[in-house]
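Inspection log for the structure reproduced underneath, given as structure tokens.
In this chain, numbering begins with 1 at the start of the sequence shown.
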Amino acid sequence: MRVRRFGALIGAGMALSLALSACGSDTEKTQAKSVAQKAKEDKKLTIGIKFDQPALGLKKPDGTYDGFDVDVAKYVAKQLGVPESGITFKETTSANRESFLGGGQVDLIFATYSITEGRKAQVTFGGPYYVAHQDTMVKSDNDDIKKTQDLKGKKLCKAAGSNSFRRITEPPPDGKLNIKGVTLVDAGSYSDCVAKLQAGALDAVSTDDLILAGFANQQKGKFKVINDPFTDEKYGVGIKKGDTETCEAVNKAIAQMYSDGTAKTLLDKHFAGTGLKLVTTVPQMEGCA
């Protein structure tokens with residue numbers, strides 16, 4: 001009897017072990033599914049965007065979303081097999097983009113997400129879907145700052161999670177201009193930067209020209225962009241590190257967006273009349289490493 005019971009226990013243990021292994025395999029398969037596969041099968045995606053950037057990613061009072069990033073996200077999602085009704089937009093800030101991708105809170109990010117070598121260590125980037133240029137915005141009555149070098153001795157906004165200030169105040173490789181004597185003023189986001197600029201708490205906001213043009217256009221007459229660009233900001237689609245299948249599908253969708261004229265239509269829709277020289281040819285893709 002003891003032998004039989006012992007044998008039965010061993011058999012039960014082996015069965016449980018096999019069941020757990022099978023369950024683990026199913027879980028691993030689910031975890032290994034690419035975003036492109038998920039989009040095709042589930043017809044749903046959670047996409048990270050900014051909620052506070054006019055003309056790029058803005059949540060309107062009626063709960064709808066507007067902006068170039070939003071429209072590009074909808075286009076790419078459709079190419080991946082997801083209708084607009086299958087998209088859930090989630091607010092994503094400059095400070096939490098990497099953690100949201102790594103933790104699975106979002107599937108893709110379209111949030112003025114500049115492709116940099118440092119970020120490539122944590123994120124796989126599709127695109128770029130546009131190449132913007134860093135510029136500087138001041139109050140409309142400011143005659144002291146006419147070029148970027150004039151920021152010496154001035155108060156400049158430092159938005160949380162953004163590298164834009166480094167391009168001005170630090171030497172290469174992180175910086176570019178290495179301007180000394182700039183006082184950095186902390187802010188939670190670029191909308192916070194603009195509020196502080198309006199209140200006189202700082203002298204200038206420097207970041208991508210599309211972002212600045214959106215704010216200047218939203219509050220006409222209050223601000224001006226000095227039109228002294230000094231970087232290339234490659235807007236990438238944030239994808240979880242290692243998901244090359246999705247990256248390749250996203251790149252194909254972006255190329256299609258330019259070739260069928262949608263990119264030009266969207267750029268004109270959101271930035272016509274802002275004074276920016278808009279580029280409507282497909283950008284050079286970065287690859288999916």
Donor-acceptor under 3.5 Å ([X] side chain, [Y] main chain):
{"X": "N142", "Y": "D144", "result": "yes"}
{"X": "D203", "Y": "K155", "result": "yes"}
{"X": "D62", "Y": "T64", "result": "yes"}
{"X": "T169", "Y": "N178", "result": "no"}
{"X": "N96", "Y": "S99", "result": "no"}
{"X": "H133", "Y": "T231", "result": "yes"}
{"X": "T274", "Y": "F271", "result": "yes"}
{"X": "T92", "Y": "K50", "result": "no"}
{"X": "D107", "Y": "V35", "result": "no"}

Is [Y] close to [X] at the side-chain level, that is, under 4.5 Å between some pair of heavy atoms?
{"X": "E91", "Y": "I49", "value": "no"}
{"X": "Q37", "Y": "E245", "value": "yes"}
{"X": "Q79", "Y": "K252", "value": "no"}
{"X": "V250", "Y": "I239", "value": "yes"}
{"X": "V279", "Y": "V131", "value": "no"}
{"X": "K139", "Y": "L197", "value": "yes"}

Atom [atom1] of [X] and atom [atom2] of [Y]: how far apart are they, to the nearest 0.5 Å?
{"X": "S162", "Y": "R97", "atom1": "OG", "atom2": "CZ", "result": "7.0 Å"}
{"X": "F100", "Y": "L108", "atom1": "CZ", "atom2": "CG", "result": "14.5 Å"}
{"X": "D232", "Y": "Q134", "atom1": "CG", "atom2": "CD", "result": "11.0 Å"}
{"X": "L266", "Y": "L278", "atom1": "CG", "atom2": "CG", "result": "11.5 Å"}
{"X": "K277", "Y": "N227", "atom1": "NZ", "atom2": "CG", "result": "12.5 Å"}
{"X": "T262", "Y": "M257", "atom1": "OG1", "atom2": "CE", "result": "7.5 Å"}

May I ask whether [X] and [Y] are part of the same hydrophobic cluster, defined by side-chain heavy atoms of I, L, V, M, F, W, Y residues being less than 4.5 angstrom apart, directly or through others?
{"X": "I87", "Y": "I109", "result": "no"}
{"X": "L184", "Y": "I211", "result": "no"}
{"X": "L58", "Y": "L56", "result": "no"}
{"X": "L267", "Y": "F215", "result": "yes"}
{"X": "F68", "Y": "V237", "result": "yes"}

Modelled atom types, side-chain donor and acceptor of [X] and [Y], under 3.5 Å:
{"X": "S191", "Y": "S189", "value": "yes"}
{"X": "Y190", "Y": "S164", "value": "yes"}
{"X": "T46", "Y": "Q105", "value": "no"}
{"X": "D260", "Y": "Y75", "value": "yes"}
{"X": "D228", "Y": "T148", "value": "yes"}
{"X": "H270", "Y": "N217", "value": "no"}
{"X": "Y235", "Y": "D208", "value": "yes"}

Original post:
Hey, would you say the F89 and F51 ring centroids sit under 6.0 Å apart?
Top reply: no

**OP:** Determine whether the aromatic ring centres of F125 and Y113 lie less than 6.0 Å apart.
**Re:** yes

Original post:
Among all residues two or more places apart in sequence or in another chain, which pass the salt bridge (charged side-chain N to carboxylate O under 4.0 Å, His left out) test with K146?
Top reply: none

What pair of heavy atoms forms the shortest contact from [X] to [Y], and how long is it?
{"X": "C157", "Y": "L202", "value": "CB-CD2, 3.6 Å"}
{"X": "G126", "Y": "C247", "value": "CA-SG, 3.9 Å"}
{"X": "C288", "Y": "E248", "value": "SG-N, 3.6 Å"}
{"X": "R119", "Y": "S114", "value": "NH1-O, 2.8 Å"}
{"X": "I254", "Y": "P128", "value": "CG2-O, 4.0 Å"}
{"X": "N251", "Y": "G127", "value": "OD1-N, 2.6 Å"}

Around atom [atom1] of [X], are there more than 12 heavy atoms of other residues, nucleotides or ligands at under 6.0 Å?
{"X": "K264", "atom1": "NZ", "answer": "no"}
{"X": "E41", "atom1": "CD", "answer": "yes"}
{"X": "K120", "atom1": "NZ", "answer": "yes"}
{"X": "K40", "atom1": "NZ", "answer": "no"}

**OP:** Just do the side-chain contact (heavy atoms from CB on, under 4.5 Å) check on I47 and T88 with the steps written out, would you?
**Re:** CA-CA 6 Å; I47 297 178; T88 298; over 6 Å; no

**OP:** Please step through side-chain contact (heavy atoms from CB on, under 4.5 Å) for the pair D243 and T124, ending with a clear verdict.
**Re:** CA-CA 7 Å; D243 189 352; T124 290; 5.6 Å; no

With a 4.0 Å cut-off, would you call [X] and [Y] a salt bridge?
{"X": "K176", "Y": "E170", "result": "no"}
{"X": "D143", "Y": "K224", "result": "yes"}
{"X": "R167", "Y": "E233", "result": "yes"}
{"X": "K154", "Y": "D150", "result": "no"}

Subject >> Parallel, tilted or perpendicular: ring planes of F110 versus Y129, cut at 30 and 60 degrees >> reply: tilted

Subject >> Option among L177, I226, I145 that satisfies the side chain to side chain contact (heavy atoms under 4.5 Å, CB included) test with L151 >> reply: I145

Original post:
Going through the distances and angles, do T112 and L210 end up as a side-chain contact (heavy atoms from CB on, under 4.5 Å)?
Top reply: CA-CA 9 Å; T112 59; L210 291 188; over 6 Å; no

Original post:
Can you check side-chain contact (heavy atoms from CB on, under 4.5 Å) on F223 and V205, steps first, answer last?
Top reply: CA-CA 10 Å; F223 309 108; V205 179; over 6 Å; no

Original post:
Would K234 and E286 satisfy salt bridge (Lys or Arg N to Asp or Glu O under 4.0 Å), going step by step from the backbone distance to the final call?
Top reply: CA-CA 9 Å; K234 301 173 183 179; E286 286 286 294; 3.0 Å; yes

Original post:
With sequence neighbours left out, what residues match A39 under side chain to side chain contact (heavy atoms under 4.5 Å, CB included)?
Top reply: L45, L80, V82

**OP:** Taking the six-membered ring of Y65 (Phe, Tyr or Trp), confirm whether the NZ or CZ of K59 is under 6.0 Å from its centre and within 45° of its axis.
**Re:** no

